[in-house]
Amino acid sequence: MESKLQVYNSLSGKKEIFKAINAPHVGMYVCGPTVYSEVHLGNCRTFISFDMIFRYLTYSGYKVRYVRNITDAGHLENDADEGEDKISKRARLTELEPMEIVQKYTLDFHNVLALFNNRPPSIEPTATGHIVEQISLAEDILNKGLAYESNGSVYFDVDAYNKEYDGAYGELSGRKVEDLLSNTRALDGQSEKRNPADFALWKKASPMHIMRWKSPWSDGFPGWHLECSVMSSKYLGNHFDIHGGGMDLKFPHHECEIAQNKALDGKKPVNYWLHTNMLTLNGQRMSKSTGNTLLPGELFTGDNDKLSKAFSPMVVRFFMLQAHYRSSLDFSSNALEAAEKGFNKLMDALAVLNELEASEDSNGFELNTWVEKLHASMDDDFNTPVLIANMFDGVKYINSIKHGDATISSSDLELLKSTLSAFIFEVLGLKPEEEISTSGNDELVNDLMQIILDSRMRARQSKDFASADRIRDLLADLNITLKDGKMGAEWEVK
RNA sequence: GGUCUCGUGGCCGAGUGGCUUAGGCAUCGGUCUGCAAAACCGAGUACAGCGGUUCGAAUCCGCUCGAGACCUCCA
């Protein structure tokens with residue numbers, strides 16, 4: 001399969017031509033959320049970015065198997081209750097079953113992503129559903145001599161791994177084990193490790209720990225990084241195309257994942273590592289401890305003190321796509337408001353496009369060049385901001401045709417329609433805002449509006465502008481905006 | 001402290017050696033309109049600072065200042 005697509009590979013630090021291992025099939029794994037609290041907007045940005053990537057690969061003709069996990073167990077929490085994982089801690093506090101927490105926030109996660117018009121992944125495996133496989137991988141690494149058991153826990157032996165594979169640990173993050181040693185703080189179980197850089201494959205559970213499973217070593221739970229190694233290889237094979245996640249997961253999570261997969265046969269598990277950048281709020285990193293955070297629900301209702309008003313999911317999605325996925329992006333009211341106007345302009349143009357009449361031939365625009373530019377911008381490491389900039393050239397053309405300053409042939413009109421809607425709906429995953437409901441009586445409202453507009457038109461024709469303006473003002477009070485055109489007035493609810 | 005990234009016009013945000021004054025929003029002027037709105041046309045303001053490489057740098061190198069990420073769960 002011929003591909004012009006270039007992607008930035010974190011492993012090499014360069015843009016590389018994308019070549020699928022088994023084209024047209026593509027395997028893509030993305031680290032999903034830990035479902036112990038509501039997803040915040042930063043999480044959403046990552047998943048929207050990968051949704052866009054998933055969509056463009058699909059649009060480009062690839063058959064993508066997109067695997068994104070749900071972490072519902074196993075992540076240690078670093079505070080007073082050391083050794084207890086996040087899920088069970090939250091469960092204890094609220095006196096719920098761990099799986100009740102998991103269920104609640106998994107549903108929340110799915111609901112929010114659906115509002116953002118994300119497509120669901122092909123497979124969404126859970127960590128707790130793959131305990132057997134995780135134990136099995138830990139055994140394999142033990143048998144290979146690259147892990148050791150200590151007091152019921154199993155640790156990955158970074159030194160042994162580095163000797164076996166020529167210092168491979170750190171290949172993704174650029175870290176050196178020597179640098180890590182002096183900076184590692186005292187964690188629970190540190191004394192059980194031979195080396196501070198070693199990380200747990202299996203952890204013995206304390207008596208208080210609710211979530212626990214039997215293993216050859218102890219009643220316990222899987223280590224921090226094991227689930228992704230297991231689930232990616234189970235569903236995509238030992239060698240697959242794309243692995244993604246937020247930048248903050250690069251180290252140690254993804255570094256450890258590589259080590260775990262590579263431990264068995266020394267072969268690199270993933271060809272292209274893609275990392276998305278962080279979202280900040282008013283210039284500051286989102287953080288629950290400082291209160292500088294925003295939940296999707298607060299955004300959609302405007303019920304927060306960070307933003308001046310509510311913003312719809314599609315405006316937020318458009319806003320995020322106006323920045324490149326590898327750039328950090330700052331969230332603010334001003335920026336959102338600007339994006340909202342731009343989004344509406346784009347959607348208005350799409351509506352105009354559907355009403356356009358074709359001419360004998362086209363002039364005033366290089367349509368084929370424009371179509372190529374749209375593809376080229378996405379082929380350049382999914383450069384959605386440039387794509388959107390190019391789309392606005394098409395918007396100008398559309399409006400010019402409407403005003404009679406340019407023309408378009410019927411075949412070009414079809415090409416323009418199909419191309420623009422494909423990029424807006426399929427690739428960017430945008431959709432028009434929900435029409436404001438008029439009590440399910442749209443036809444009646446339309447007819448009534450026609451009567452109102454007709455009487456206003458008569459007033460204007462008889463130069464009774466006072467009456468015409470009065471009608472316009474009264475409608476404006478109802479949030480109805482009029483646009484006078486050659487073919488009569490149009491109206492819309494704002 | 002260590003590793004790394006970034007600093008673009010009023011705001012957001014592309015662009016990585018020699019026309020991109022990308023694009024969106026905002027501002028100003030014009031066209032259209034009875035007046036508006038919308039749309040279209042035109043305009044302006046920029047590359048953190050200093051020094052270096054080069055015929056030529058926003059783009060490469062060095063330093064300074066500033067911001068951020070990771071080093072510990074984190075999208």
Side-chain angles (χ1 to χ4, degrees), chain A residues 13 30-34 36 39-50 71 74-79 82 85-86 170 173-176 178-180 182-187 197 224 244-253 255 275-280 283-288 318-319 322-324 326-346 348-349 352 377 380 383-393 395-400 402-406 460 463-466 468-469 472-473 476 481-486 489-490 492:
Chain A
V30 173
C31 289
T34 304
Y36 70 103
V39 279
H40 65 69
L41 235 31
N43 299 314
C44 294
R45 184 189 181 200
T46 293
F47 300 123
I48 288 171
S49 293
F50 283 108
T71 297
H75 279 228
L76 288 170
E77 190 166 47
N78 179 36
D79 61 13
E82 285 180 356
D85 77 38
K86 282 185 172 176
S173 57
R175 269 159 225 276
K176 296 188 175 71
E178 308 87 77
D179 296 338
L180 295 171
S182 55
N183 293 314
T184 309
R185 44 160 290 166
L187 277 174
W224 303 269
M247 290 252 184
D248 48 351
L249 295 182
K250 200 165 168 184
F251 187 90
H253 183 58
E255 194 69 60
H275 288 101
T276 57
N277 216 323
M278 301 290 105
L279 183 72
T280 56
Q284 302 268 307
R285 172 171 162 76
M286 280 199 195
S287 161
K288 283 178 185 169
F318 179 77
F319 167 74
Q322 268 193 309
H324 188 86
R326 282 192 290 112
S327 300
S328 63
L329 174 64
D330 188 50
F331 216 77
S332 68
S333 235
N334 286 342
L336 263 296
E337 282 171 36
E340 183 170 51
K341 290 181 184 173
F343 175 72
N344 288 335
K345 184 173 178 176
L346 185 62
D348 288 348
V352 168
S377 48
D380 182 16
N383 199 329
T384 53
V386 170
L387 170 72
I388 290 171
N390 287 330
M391 287 201 304
F392 275 104
D393 290 338
V395 168
K396 279 190 183 173
Y397 180 43
I398 289 166
N399 285 320
S400 295
K402 181 188 180 187
H403 284 267
D405 297 328
R460 289 178 67 204
K463 308 281 185 202
D464 179 8
F465 297 123
D469 290 351
R472 186 169 66 195
D473 292 344
T481 306
L482 297 188
K483 296 180 196 172
D484 291 328
K486 284 176 187 161
E490 296 170 12
E492 63 181 347

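These numbers come from the heavy atoms of this one structure, side chains and all, not from hydrogens, waters or symmetry mates. Each chain gets a letter, A, B and so on, in the order its sequence line appears, and its residues count up from 1.
Annotation: B/C41 and B/C6 have their C1' atoms spaced 37 Å apart (nearest Å). Taking the P atoms as reference points, B/U59 lies 10 Å from B/G7, given to the whole Å. B/G66 and B/U8: their C1' atoms are spaced 15 Å apart (whole Å). For the C1' atoms, the distance linking B/G56 with B/A22 amounts to 22 Å, nearest Å. Between B/G42 and B/C47, the two P atoms lie 25 Å apart (nearest whole Å). Going from the C1' atom of B/G9 to that of B/G51 covers 25 Å, rounded to whole Å. Rounded to whole Å, the separation between the P atoms of B/G49 and B/G10 comes to 13 Å. Taking atom P in both B/C25 and B/A37, the straight-line distance is 15 Å, to the nearest Å.
Looking only at atom types and distance, the side chain of A/D330 has a donor-acceptor partner in the side chain of A/T280 under 3.5 Å away. A donor and an acceptor atom, one from each side chain of A/E255 and A/S173, are located under 3.5 Å apart.
When heavy atoms are screened at a 4.0 angstrom cut-off, A/H324 is found touching the sugar-phosphate backbone but no base atom. Residue A/M247 is out of contact with every strand shown, counting any heavy-atom pair closer than 4.0 Å. Within the 4.0 angstrom heavy-atom criterion, base atoms lie near A/F465. At the heavy-atom level, A/L482 lies under 4.0 Å from base atoms of the strands shown. A/K396 comes within 4.0 angstrom of the backbone, heavy atoms only, and of no base. Residue A/G42 is in base contact, counting any heavy-atom pair closer than 4.0 Å across all strands shown. As judged by a 4.0 angstrom heavy-atom cut-off over every strand, A/L329 is placed among residues touching the sugar-phosphate backbone only.
Relative to the side chain of A/V386, the nucleotides B/C71, B/G23, B/A22 differ in distance, and B/A22 lies closest. Of the candidates B/C73, B/C40, B/A38, B/C73 carries the atom nearest the A/W224 side chain, counting heavy atoms from C-beta on. Listed nucleotides: B/G24, B/G34, B/G13. Nearest to the side chain of A/A468: B/G34. Checking B/A22, B/C25, B/C74 against the side-chain heavy atoms of A/K341 singles out B/C25 as nearest. Among the nucleotides B/G24, B/G13, B/A37, the one closest to any side-chain atom of A/Q322 is B/G24. When each of B/G34, B/G13, B/G24 is scored by its nearest atom to the side-chain atoms of A/R460, the top-ranked nucleotide is B/G34. Of all nucleotides listed (B/A37, B/A14, B/C70), B/C70 comes nearest to the side chain of A/R175. Listed candidates were B/G2, B/A38, B/A75. Nearest to the side chain of A/H403 is B/A38. Nearest to the side chain of A/F251, among B/C71, B/C74, B/G23, sits B/C71.
Between A/N399 atom CG and B/A39 atom C1' the separation is 6 Å, expressed in whole Å. In this structure, CG of A/D348 is placed 14 Å from C1' of B/G24, rounded to the nearest angstrom. Going from atom CG of A/L387 over to atom P of B/G24 covers 14 Å, rounded to whole Å. Regarding A/L346, its CG atom lies at a distance of 14 Å from the C1' atom of B/C25, rounded to whole Å. If you take NZ of A/K250 and P of B/C71, they are 13 Å apart, rounded to a whole angstrom. Per the geometry, NZ belonging to A/K402 stands 11 Å off C1' belonging to B/C40, to the nearest Å. Taking atom CZ of A/F318 as the reference point, atom P of B/G23 lies 14 Å away to the nearest angstrom. Taking atom CD1 of residue A/I388 and atom P of nucleotide B/A14, one finds them 11 Å apart after rounding to whole Å.
With RNA chain B read from its 5' end, the first of the two nearest nucleotides for A/A335 and A/K463 is the one closest to A/A335. For the pair A/D469 and A/G32, nearest-nucleotide mapping onto RNA chain B gives the more 5' position to A/D469.
Residue A/N383 places at least one side-chain N or O under 4.0 Å from the OP1 or OP2 atom of B/G15. Phosphate contact (OP1/OP2 of B/C25, side-chain N/O of A/K345, threshold under 4.0 Å): present. Within the structure, every side-chain polar atom (N or O) of A/N334 is placed at least 4.0 Å from both OP1 and OP2 of B/C12. Residue A/S327 places at least one side-chain N or O under 4.0 Å from the OP1 or OP2 atom of B/A14. At B/G2, none of the side-chain N or O atoms of A/K176 fall inside 4.0 Å of OP1 or OP2 (strictly under the cut-off). A close approach under 4.0 Å does occur between a side-chain nitrogen or oxygen of A/N43 and OP1 or OP2 of B/A75.
Residue side chain A/D484 reaches the base of B/A36 through a donor-acceptor N/O pair under 3.5 Å, judged by distance alone. Contact of A/R472 with B/A36 (side chain to base): a donor-acceptor pair of N or O atoms is detected under 3.5 Å. In this model, no side-chain donor or acceptor of A/N390 finds a partner on the base of B/G23 within 3.5 Å.
With both pairing distances under 3.5 Å, B/G56 is matched to nothing as a Watson-Crick or G-U wobble pair. In this structure, B/G7 forms a base pair with B/C65, meeting either the Watson-Crick or the G-U wobble geometry with both donor-acceptor distances under 3.5 Å. Remark: B/G42 base-pairs with B/C28. Criterion, Watson-Crick or G-U wobble with two distances under 3.5 Å. In this structure, B/U33 forms no base pair with any nucleotide, since neither Watson-Crick nor G-U wobble geometry is met with both distances under 3.5 Å. Using Watson-Crick or G-U wobble geometry with both donor-acceptor distances under 3.5 Å, B/A22 finds no partner in any strand shown. Under the Watson-Crick and G-U wobble criteria, each requiring two contacts below 3.5 Å, nucleotide B/G1 is paired to B/C71.
To the nearest 0.5 Å, atom CG of residue A/L387 and atom CZ of residue A/F392 are 10.5 Å apart. Atom CG of A/L279 sits about 9.0 Å away from atom NE2 of A/H40, to the nearest 0.5 Å. Between the CD atom of A/E340 and the NZ atom of A/K345 there is a distance of 15.0 Å, given to the nearest 0.5 Å. Note that NE2 of A/H253 is 7.0 Å distant from OG1 of A/T71, once rounded to the nearest 0.5 Å. Going from atom CE of A/M247 over to atom CZ of A/R326 covers 7.0 Å, rounded to the nearest 0.5 Å.
Figure legend: A/R460 and A/F465 shown without cation-pi pairing, the cationic atom not lying both under 6.0 angstrom from the six-membered ring centre and within 45 degrees of its axis.
No donor-acceptor pair closer than 3.5 Å links the side chain of A/R472 to the backbone N or O of A/L482.
Classification of the A/F343-A/F318 ring pair by plane angle, with boundaries at 30° and 60°, yields tilted.
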